[in-house]
Amino acid sequence: MLFLHVEENPSIAKMFVFMGHVVRAEEVPEKLRRLAVSVDTIAFCQNWVREGQKDKSIREGDVLSLSNMYWCAIHGIMEQYALRPEILLPKPCVDDRHAAKCQRISLFHGNRFIKEKNNAG
């Protein structure tokens, strides 16, 4: 769903670039930097990873590490889209009933974080 919103409003991708700058830039006031850092998207994504591990759509492994990988993929895609909007964004799942699971599968599968069916035991 996020990618659909970005296609409709490309400034969302630019906000990812801006927030990354705010977190790292020394010239940004400390109060603003702390506010930006307080948005813990990696912790938020951990719930998706746990759910995916329960339903076997995401392989077993360290939840924090997998959540970090997921968020870095999203952030990286947003930064690239802000710089090169001609690169198509990933398309979301067409089945709304399973959209969250489909998003997890598509991103984690692309990075081999999904549990392989032939290795399921």
Donor-acceptor pairs under 3.5 Å, side chain of residues 22-31 to any protein atom, not counting sequence neighbours: which ones?
| unit_1 | atom_1 | unit_2 | atom_2 | d |
| --- | --- | --- | --- | --- |
| R24 | NH1 | G20 | O | 2.3 |
| E30 | OE1 | R33 | NE | 3.3 |
| E30 | OE1 | R33 | NH2 | 3.4 |

Check: residues 4-13 side-chain donor-acceptor pairs under 3.5 Å, at least two apart:
| unit_1 | atom_1 | unit_2 | atom_2 | d |
| --- | --- | --- | --- | --- |
| E7 | OE2 | K91 | NZ | 3.0 |
| N9 | OD1 | S11 | N | 3.4 |
| N9 | OD1 | S11 | OG | 2.6 |

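Between F16 and I74 the shortest heavy-atom distance is CE2-CG2, 4.2 Å. The minimum heavy-atom distance linking Y70 with C45 is given by the pair CD2-SG, 3.5 Å. Between D55 and S57, the closest heavy-atom pair is OD1-OG, 2.7 Å. Counting all heavy atoms, side chain and backbone alike, W48 lies closest to I58 at O-CD1, 4.0 Å. Here the closest non-hydrogen pair linking Q53 and G61 is NE2-O, 3.0 Å.
Pairs of residues two or more places apart, or lying in two chains, that qualify as side chain to side chain donor-acceptor pair (under 3.5 Å) and include a residue from residues 35-44 are T41-W71.
Proximity of L66 to R59: side-chain heavy atoms (C-beta onward) are separated by under 4.5 Å at one or more points.
Taking OH from Y81 and CG from L89, the interatomic distance works out to 5.0 Å, rounded to the nearest 0.5 Å. Interatomic distance, CG of D62 versus OG of S67, reported as 9.5 Å (0.5 Å rounding). The CG atom of L88 sits 12.0 Å away from atom CD1 of I77, with the distance rounded to the nearest 0.5 Å. A distance of 10.0 Å separates CE of M78 from NE2 of H75, quoted to the nearest 0.5 Å.
Note: the hydrophobic cluster containing M19 also contains L32 (ILVMFWY, side chain heavy atoms under 4.5 Å, direct or indirect links).
The salt bridge (charged side-chain N to carboxylate O under 4.0 Å, His left out) search around R84 returns E86, not counting sequence neighbours.
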